Amino acid sequence: MLDLKFIRQNPDVVKAGAAKKRIAIDLDKLLELDRVVREEGVVIDQLRSEQNAKAKLIGKAAPEERARLAEETKRGKADLKVREDAQAAREAELRQLLLRVPNVPAAEVPEGRDDSENVEVKRWGEPRKFDFEPLDHIAIGELHDWIDVTRGARIAGSRNYFLKGDLSLLEGAVMRYALDLMVARGFVPLSVPTLVRSEVMVGTGYFPGGEEQAYRCDERDDLCLVGTAEVPVTALHQDEILAHTELPKKYVALSSCYRREAGTYGKDTRGLYRVHQFLKVEQVIVDAADPAKSLAHHHDIVKNAEDVLQSLQLPYRIVNVCGGDLGAPQIQKFDIETWMPSRKNYGETHSASRFHEYQARRLNMRYRDEQGTVRVCHTLNNTVAASVRMLIALIENHQQANGTVWVPPVLRSYLGGREFLGRPRA
RNA sequence: GGAGGCGUGGCAGAGCGGCCGAAUGCGGCGGUUUUGAAAACCGUUGUGCUGAAAGGCACCGGGGGUUCGAAUCCCUCCGCCUCCGCCA
């Protein structure tokens, strides 16, 4: 959410930002409503002030005077009540409009309509040239009885799965490795709720707009399953005023992630690329409202993810996400795409976003700066490692001619020192 | 699931329906004192909206109601605690 004052003062900047993101908004309607709300607010404050003054007089008046004065004060009440109700409705509508105003993208965000126009900014590693016919992850899974999508679908519908044996262990190894790496870099590990109030989905910017992608409990609970630990972690300090001395807050969390993947029928149906549930280690930073700091953090959290991929010896590339592919909340986003032999292409495995105060304002998450001024925080987040996609990359890229999977050295201590997973093919 | 209790400022903890945006203590900040520190003493210390300012308005878990007037009364939701039951 943007600061209403900022929108008032820079309507053209906000309009241009929305246009760059290909998001339609009626800003003039919002500004007009804002004008009415403020105008009427002055009137209501004045009326309330008068009512308060009269009520106060009654308290001091002689008992026999009270009835008459009360009767008089009663008259102003009805008018005020009508105005207050109308104002409350206007304010609610204003907030709804405000929640839909997208954050203004950074100048460095490329123009573009969709993900095909994202701009590659870096490439690391060479996609491996196989001297045998490589299998895709499903085939490797079948070979070792590592993946069971049939039974996954039977008990939970399509895009659900069981991981078995070494692959299940590998998942744990990668998650723990990612977590340990981040803890070594000073990030505080968190175990988090993955079922949150819809208010928190609004606070982090997923609602309104992303309702179709989230699993929602029924009306008894008003709880949603999160699509990422970003949601509970970013909201950790909701409604707090932090001291500048305790910033930046750096957190890392491993959690299950749930995604409905509505509207993706027929897309990525083979394999585990697109699934409803997976594990992910996520990094989140909350810091002061300083664009330079935010930018530096953005580079750092991308670097953290790169270090994970490099140490796992997985080729990847980084794209600067274009305006049309950027979500409403982000200032800028870098996606990291890891090489997946079965796709003969890079597939998205990480997404690093910086938000400035967009999320923090919605979450009412603030801090007191050196001067004692209360300001809204900045937030950022990035994947460290997302389970199934990272497993796809690992077993496809590191498969051997004999069917086994080579384990990168950094993961071996999490797998009893083993160098290869799976039995060699006969 | 049943019975009861409680939710007040960074924390602790008062608060008769009007004099309460809220006592007091602790903590924080500034100062006096001190070679320095501690102690003591003095002052200061919530957030938002509006306004050039003075000021005005709102907020005592959330929402609604009663009343001329609500932190204080009523309803409801949320959260926490205690006891009983049930399950792990």
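Throughout, a chain's letter reflects where its sequence line sits, starting with A, and its residues are numbered from 1. Note that the structure is predicted; figures quoted are calculated from it, not measured. Because only heavy atoms are used, hydrogens play no part in the values below, and waters and symmetry mates are left out as well, while side chains stay in.
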*With P as the reference atom in both, quote the distance from B:U72 to B:G61 in angstrom, rounded to an integer.*
8 Å

_Expected output: side-chain A:Asn103 to main-chain A:Pro329 donor-acceptor under 3.5 Å_ = yes

*C1' atom, B:G51 versus B:C57: distance in rounded Å?*
11 Å

*Using the P atom on both, measure B:A23 against B:A71 and round to a whole Å.*
15 Å

*Quickly work out the A:Leu47 CG to B:C49 P distance and round it to whole Å.*
22 Å

*Listed by chain and number, what are the ring-ring contact (aromatic ring centres under 6.0 Å, His included) partners of A:His378, not counting sequence neighbours?*
A:His356

_Rounded interatomic separation in angstrom, taking CG from A:Leu4 and C1' from B:G48_ = 13 Å

_Nucleotide paired to B:G4 in any strand shown, Watson-Crick or G-U, under 3.5 Å_ = B:C81

*asked:* On RNA chain B, does the nearest nucleotide to A:Arg38 precede the nearest nucleotide to A:Leu57 from the 5' side, or the other way round? Give the residue.
replied: A:Leu57

_What is the separation between atom CD on A:Glu246 and atom P on B:G28, rounded to the nearest whole Å?_
16 Å

_By nearest heavy atom, map A:Ile241 and A:Val42 onto RNA chain B; which one lands nearer the 5' end?_
A:Ile241

*Please give the nucleotide sitting opposite B:G9 as a Watson-Crick or G-U wobble pair, both distances under 3.5 Å, or none.*
none

*Given the P atoms of B:U33 and B:A70, what is the spacing between them in whole Å?*
49 Å

*What integer distance in Å separates A:Asp239:CG from B:G79:C1'?*
14 Å

_Rounded to whole Å, please give me the gap between CD in A:Glu199 and P in B:G79._
12 Å

*CZ of A:Arg95 versus P of B:G48: gap in Å, rounded?*
16 Å

*Are any of A:Arg197's side-chain N or O atoms less than 4.0 Å away from OP1 or OP2 of B:C78?*
no

*Quick check: does any side chain N or O of A:Ser311 sit under 3.5 Å from a backbone N or O of A:Val308, one acting as donor and the other as acceptor?*
yes

*Please lay out, stage by stage, how A:Arg361 and A:Glu357 fare under the test salt bridge (charged side-chain N to carboxylate O under 4.0 Å, His left out).*
CA-CA 6 Å; A:Arg361 183 173 291 280; A:Glu357 59 173 48; 2.6 Å; yes

_What is the separation between atom CD on A:Gln371 and atom P on B:G28, rounded to the nearest whole Å?_
21 Å

*Expressed in angstrom and rounded to an integer, what is the separation of A:Leu94 atom CG from B:C49 atom C1'?*
13 Å

*asked:* How would you summarise protein contacts on nucleotides 58-75 of chain B per nucleotide, using B for base, S for sugar-phosphate only and - for none, with heavy-atom distances below 4.0 Å?
replied: S------S-BBS------

*asked:* My understanding is that only one of A:Lys20, A:Arg354, A:Lys333 makes a salt bridge (charged side-chain N to carboxylate O under 4.0 Å, His left out) with A:Glu108; could you say which?
replied: A:Arg354

*In the structure shown, which nucleotide is the Watson-Crick or G-U wobble counterpart of B:G43, with both distances under 3.5 Å?*
B:C29

_For B:U47 and A:Arg368 - does any side-chain N or O of the residue sit under 4.0 Å from the phosphate oxygens OP1/OP2?_
yes

_With rounding to the closest Å, how many angstrom separate the P atoms on B:C59 and B:C42?_
35 Å

*asked:* Counting only heavy atoms from other residues, nucleotides and ligands, does the tally under 6.0 Å from CZ of A:Arg38 exceed 12?
replied: yes

_Whether A:Ser255 side chain and A:Thr228 backbone form a donor-acceptor pair below 3.5 Å_ = no

_Audit row: A:Lys81, A:Glu84, salt bridge (charged side-chain N to carboxylate O under 4.0 Å, His left out) steps and yes/no_ = CA-CA 5 Å; A:Lys81 175 79 173 137; A:Glu84 281 176 338; 5.8 Å; no

_Heavy atoms only, 4.0 Å cut-off, all strands: where does A:Arg8 land among base, sugar-phosphate and nothing?_
sugar-phosphate

*Establish, yes or no, whether a centroid distance under 6.0 Å links the rings of A:Tyr273 and A:His137.*
no

*Determine which nucleotide pairs with B:A71, using a 3.5 Å limit on both distances of a Watson-Crick or G-U wobble pair.*
none

*Using Watson-Crick or G-U wobble geometry with both distances below 3.5 Å, tell me the partner of B:C87, or none.*
none

_If I pick the C1' atom on B:G5 and the same atom on B:G18, what distance separates them, to the nearest angstrom?_
30 Å

_Within the 4.0 Å heavy-atom criterion, would you say A:Ile44 contacts the bases, only the backbone, or no part of the nucleic acid?_
nothing

*Provide the distance between the two C1' atoms, one in B:G64 and one in B:C78, to the nearest whole Å.*
14 Å

*Nucleotide paired to B:G48 in any strand shown, Watson-Crick or G-U, under 3.5 Å*: B:C57

*What integer number of Å spans the P atoms of B:G43 and B:U24?*
11 Å

